[in-house]
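Shown next, in structure tokens, is the structure this report addresses.
Just so we're clear, the structure is a prediction, and the values are computed from it rather than from any experiment. Reckoned from all heavy atoms, side chains included, excluding hydrogens, waters and symmetry mates.
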Amino acid sequence: MGKYFGTDGFRGEANVNLTADHAYKVGRFLGWYYSCLNGGKNDETKIVIGKDTRRSSYMFEYALAAGITASGANAYLLHVTTTPSVAYVTRTDEFDCGVMISASHNPYYDNGIKLLNGNGEKMEEETIALVEAYLDGQLEVFGAKYEEIPFARKEKIGRTVDYIAGRNRYIGYLISLGMYSFKGVKVGLDCANGASWNIAKSVFDALGAKTYVINNEPDGVNINEDAGSTHIENLQKFVLDNELDVGFAYDGDADRCLCVDEKGQVVSGDHILYVLGNYMKEKGQLDNNTVVTTVMSNFGLYKALDDCGIDYAKTKVGDKYVYEYMVQNNCRLGGEQSGHIIVSQYATTGDGILTSLKVMEVMMKKKKTLSALCEGLTIYPQVLKNVRVHSKPEAQNDPAVQAAVEEVAQKLGDTGRILVRESGTEPVIRVMVEAPTKEACQMYVDSVVDVICKQGHARV
């Protein structure tokens, strides 16, 4: 990860850690860089921008567009839309790159800038490094050093284009993926007062569902507030109160989806991977017979996949790493416990609405409830404790800590697992145990944390 951009973009509190000036400079660089790659043919350089419903998203949208056009490229505005829609439009309409303004599941006062390459994939690290170098006034590229990059002049100045038609085409694409009518099915949607508010219901209505929606009245400051996939208890109550067949909860930019079954039970990303993995295997669509997960997926998922004869891979936490593995190893299905699900046949990113459509497809094809589809998966109890440390590497590599971890692993055997890993953003070691009971989890986590503390690694 870089100085500004993490695994999911440049994120921070609006006008504190992430300012309008940052956005303007990111736009300046992108417009200039891609114009250079196009041989200076400025009018052929196109960058598409989407945003979520945060109040600050408008500020960042205009700042980005100003920077892009000042550098001679054209900025196409999708307006309020989802991250996966930006990825879709970028790759299908042959844009040089795409930008999404969103801080995903964070509160409204945060925001972020996510960059996508021309294939609709997370931007390459090499290009991100150049963006960061420009932000720091230390850009070196194309065989030259730049303290500042040139402005476009006269007819070379770019223009902005209203491109709401691109968002509408994405809606049409989602509808086209509906293989079965949803007529007679009562579906609940929690749009988190975010980017899916003007898309998701249209798709489900078009496919015949009787659609019930909550948290679809964004006002700029209520995105994710007691809503969406991070507050799924509200959708659980909504499904039960209205006797719905299924519910789907999205996050602020709708690249995540969690579900609620007809009994009001939460269906996590691990459940979704299990349901879709089995379905795709039956249809002969699970290339390499592999589901790609992160190290944070539940131990129960791996046991269930073993029982189904499905292989699995584990990556670092982050849908970026999941997708990279999928591309490199020709895998069709991957995702995270948090609800980032990637079906590479249809998308290059996690797509919450697409995920809900694929879950519906399995329900309609199998003529089963979501709870019945999840019956083969038992989620193990989990305890996770974060320990603030002086040095993450020293704590991880301490022989006494390693011995404590190995002792727990041996005691768990094939009945659970322990995972000790470093946080990517904080001075924190995360100790996580999954076991048959919550009490066992807590006991084993405490035994390792005690050793970390006794060895003097913990920060008081």
Partner set under salt bridge (Lys or Arg N to Asp or Glu O under 4.0 Å) for Glu361, not counting sequence neighbours: Lys283, Lys358
Report the residues that fulfil ring pair (Phe, Tyr, Trp, His ring centres under 6.0 Å) with [X], sequence neighbours left out, ordered by chain and then residue number.
| X | answer |
| --- | --- |
| Tyr134 | none |
| Phe151 | none |
| Trp197 | none |
| Tyr346 | none |

Just grab all the salt bridge (charged side-chain N to carboxylate O under 4.0 Å, His left out) pairs involving [range], residues at least two apart or on different chains.
| range | value |
| --- | --- |
| residues 301-311 | none |
| residues 8-24 | Asp8-Arg11, Asp8-Lys114, Asp8-Lys122, Asp21-Lys25 |
| residues 89-100 | Asp93-Arg169 |
| residues 222-231 | none |

Residue that, paired with Ser104, satisfies side chain to side chain donor-acceptor pair (under 3.5 Å) out of Thr230, Asn111, Asp251, Thr83: Asp251
Selection residues 84-107 - residue pairs positive for ring pair (Phe, Tyr, Trp, His ring centres under 6.0 Å), sequence neighbours left out: Tyr76-Phe95, Tyr88-Tyr170, Tyr88-Tyr173, Phe95-Tyr163
Stepwise side-chain hydrogen bond (donor to acceptor under 3.5 Å, both in side chains) check, Asp270 with Asn298: CA-CA 7 Å; Asp270 285 345; Asn298 192 271; 5.4 Å; no
Ala404 to Val451 - nearest heavy-atom pair and separation: CB-CG2, 3.8 Å
For Val389 against Arg459, the heavy-atom pair lying closest together: O-CD, 2.8 Å
Sidechain N-carboxylate O distance under 4.0 Å for Arg417, Glu434: yes
Flag if over 12 foreign heavy atoms under 6.0 Å of NZ, Lys314: yes
Side chain to side chain donor-acceptor pair (under 3.5 Å) partners of Asp52, counting only residues at least two apart: Arg54, Ser57, Ser102
For Lys281, all residues meeting side chain to side chain donor-acceptor pair (under 3.5 Å), sequence neighbours excluded: Asn289
Thr294 vs Tyr321 side-chain heavy atoms within contact, under 4.5 Å: no
Beyond-backbone contact of Tyr109 with Val221, side-chain heavy atoms, under 4.5 angstrom: no
Tyr108 side chain to Asn193 side chain, donor-acceptor N/O pair below 3.5 angstrom: no
Distance-only donor-acceptor check, side chains Tyr34 and Ser71, under 3.5 Å: no
Whether Tyr380 and Phe299 hold their rings parallel, tilted or perpendicular, with breakpoints at 30° and 60°: perpendicular
Trp32 and Tyr146 aromatic ring geometry - parallel, tilted or perpendicular at 30°/60° bounds: perpendicular
